[in-house]
Undergrad: 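Submitted below is the structure of interest, expressed as structure tokens.
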Amino acid sequence: MLTFSRRLVVDKVDSLWNEVLDKLQDQLSGPTFETWIKPTRLKTLAESTLTISTPNPFARNWVQKHYIQVISDVAKELLGHDINVVVTVSEPNNDNGNRSGEAVAWPPTQTTERSSSSKSTTPDLNPKAVFSRFVVGANNRMAHAASLAVAESPGREFNPLFLCGGVGLGKTHLMQSIGHYRLDIDTNARIAYVSTEQFTNDLITAIRRDSMQRFREQYREVDIILVDDIQFIEGKEYTQEEFFHTFNTLHEAGKQIVLASDRPPNKIPRLQERLCSRFSMGLIADIQSPDFETRMAILQKKAEYESVTLSREVTEYIAAGYTSNIRELEGALIRAIAYTSISGLPMTIENLKPVLDTPAGKVDASPKSVIDIISEVFSVSVDDLKGASRRREISQARQIGMYLMRQHTDLSLPKIGEVFGGKDHTTVLYSCDKIAQLIKKDLNMAQTIRELSDRISLSNRPH
Ligand SMILES: Nc1ncnc2c1ncn2[C@@H]1O[C@H](COP(=O)(O)OP(=O)(O)OP(=O)(O)O)[C@@H](O)[C@H]1O
């Protein structure tokens, strides 16, 4: 039994814990020890109970599930009697920069050990770009699954993994999640995350400084290379040449290549045929714009991390205004949070209107003028627009009308529903979403909407 003075007890217990750690280090693999055991702290040793703390609940569960026995065996060996091990979560610590509620990328992602183990390939990863913060929806399910598969078994199935999708839809987030995830499993993994611009600049510098050997080592001696915005390689002959060799060297060595682009390889102009075919030989996974539910889920998740409660109404309002770019969607939420916290106003749609200028944003028309113009241009009577007919030409005119009313007035979704003869606000949302998607796919639709939009603005201008 430990019957020392308090100071001695503390010293004794600390050194005992260090001994436990030493022994565990001998028994467990390097990554396992670094990932799960090293970050644990000793809290107390009372009678036959050893209480340790872990950085977060996820780590606690993991340690409880996998390592409690080995810890208690080692402690028993050192103390000479049975030890019951209790795993807790450490109290939020003010000096570690983590506000309560903020997710901690776990296991810690950018430790000094990790940096020093792979000097030239320490990736510059955003700690928030992790799988656990990525919301999976119909629009990105495949890209997410493929990214996870690649992170779990790099160089096996999808090589290269080619992620493609429009601006702000999560390509970089997924790529960096792969890097984090891999480093969490294997702290010695050599991961390079680089933009195509950076690759080109490094190449130019290497040529200028006559240090091609180093450049090649830097890019060819990695386990995973994550190259962002690969579409910018278009027309850069020398970069393409060098990247071709980098690609081949890595691929032949079974190393994982992940590329992100705003379009598929065959749509990148002035891309050498041999690169185009290599980029296409693994898996091309595309990411579409998120649907309404996914946008809602992204907002909710983001709000949780910011420790803010969002009402359903406000979430819907923001989600309805930002349909095609998650960066803008997040930006709107951040503005809303900043505005309400600075002004002290409650977060209601009314209060948020001044700061949430939805992309079109200009409130410059009366609802009646929108209805009248739609009726005239599509030769559909106002009664039909407000009625329930599902005839294609009527329902499409109605959907366009709802979309434009959302763009040109500050009416809420339910109010727009009312103007259109008492439609439900979800019908309005669906219509706005549908037209927003069509605009992206169909040039004629985009042109029609632009013309209608100009006409609505013009007709409402004071004469
Ligand atoms: N499914 C998602 N869940 C949560 N956040 C997301 C999701 N998709 C994107 N985001 C967030 O949206 C923002 C933009 O994403 P990201 O930078 O990955 O887009 P991108 O497709 O790489 O854009 P770009 O083409 O401009 O490089 C980031 O803050 C990212 O975390």
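Counting convention: from 1, in listed order, for ligands and their atoms alike.
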Undergrad: Determine whether the side chains of Gln176 and His180 contain a donor N or O and an acceptor N or O closer than 3.5 Å.
TA: no
Undergrad: Starting from atom 9 (C) of ligand 1, what is the nearest protein heavy atom, named by residue and atom, and what distance separates them?
TA: Gly170 CA, 3.4 Å
Undergrad: Heavy-atom contacts with Arg133 under 4.0 Å: which atoms of ligand 1 show up? List them by number with element.
TA: 3 (N), 4 (C)
Undergrad: Starting from atom 7 (C) of ligand 1, what is the nearest protein heavy atom, named by residue and atom, and what distance separates them?
TA: Phe134 CE1, 3.7 Å
Undergrad: Tell me the nearest of Gln231, Glu330, Arg327, Lys302 to atom 24 (P) of ligand 1, using heavy-atom distances.
TA: Arg327
Undergrad: Could you walk me through whether Phe199 and Phe215 satisfy the ring-ring contact (aromatic ring centres under 6.0 Å, His included) test, starting with their C-alpha distance in whole Å, then the side-chain angles of each, then the deciding distance to 0.1 Å, before giving a yes or no?
TA: CA-CA 9 Å; Phe199 183 87; Phe215 172 87; 5.3 Å; yes
Undergrad: Can you tell which of Gln176, His173, Lys128 gets a heavy atom nearest to atom 18 (O) of ligand 1?
TA: His173
Undergrad: May I ask you to check whether Phe247 and Tyr219 place their ring centres under 6.0 Å from each other?
TA: no
Undergrad: Using side-chain heavy atoms (C-beta onward) and a distance below 4.5 Å, is Ile400 in contact with Ile449?
TA: yes
Undergrad: Is there a donor-acceptor contact under 3.5 Å linking the side chains of Ser453 and Gln407?
TA: no
Undergrad: Non-hydrogen atoms of Asn140 versus ligand 1: any pair closer than 4.0 Å?
TA: yes
Undergrad: Under 4.0 Å, counting heavy atoms only: does Gly165 come that close to any atom of ligand 1?
TA: no
Undergrad: Quick test: of every protein heavy atom, which one is nearest to atom 23 (O) of ligand 1, and how far off is it to 0.1 Å?
TA: Gly168 N, 2.8 Å
Undergrad: Establish, from distance only, whether the side-chain atoms of Asp202 and Thr205 form a donor-acceptor pair under 3.5 Å.
TA: no
Undergrad: Distance to 0.1 Å, residue and atom name: give those for the protein heavy atom nearest to atom 21 (O) of ligand 1.
TA: Lys171 NZ, 2.8 Å
Undergrad: For atom 1 (N) of ligand 1, which protein heavy atom lies nearest, and how many Å away is it?
TA: Val135 O, 2.8 Å
Undergrad: Could you go through Gln399 and Tyr430, starting from their C-alpha distance and side-chain angles, then the distance that decides it, and tell me whether this counts as side chain to side chain donor-acceptor pair (under 3.5 Å)?
TA: CA-CA 9 Å; Gln399 288 174 341; Tyr430 171 80; 5.2 Å; no
Undergrad: Compute the minimum heavy-atom distance from Gly166 to ligand 1 and say whether it is under 4.0 Å.
TA: yes
Undergrad: Among all protein heavy atoms, pick out the one at the shortest distance from atom 8 (N) of ligand 1; state its residue, atom name and that distance to 0.1 Å.
TA: Ile326 CD1, 3.3 Å
Undergrad: Could you name the option among Ile287, Leu169, Asn325, Thr172 that has the heavy atom nearest to atom 27 (O) of ligand 1?
TA: Thr172
Undergrad: When you check the side-chain N and O atoms of Thr172 and Asp228, is any donor under 3.5 Å from an acceptor?
TA: yes
Undergrad: For atom CD of Glu197, decide whether the heavy atoms of other residues, nucleotides or ligands shown that lie under 6.0 angstrom number more than 12.
TA: no
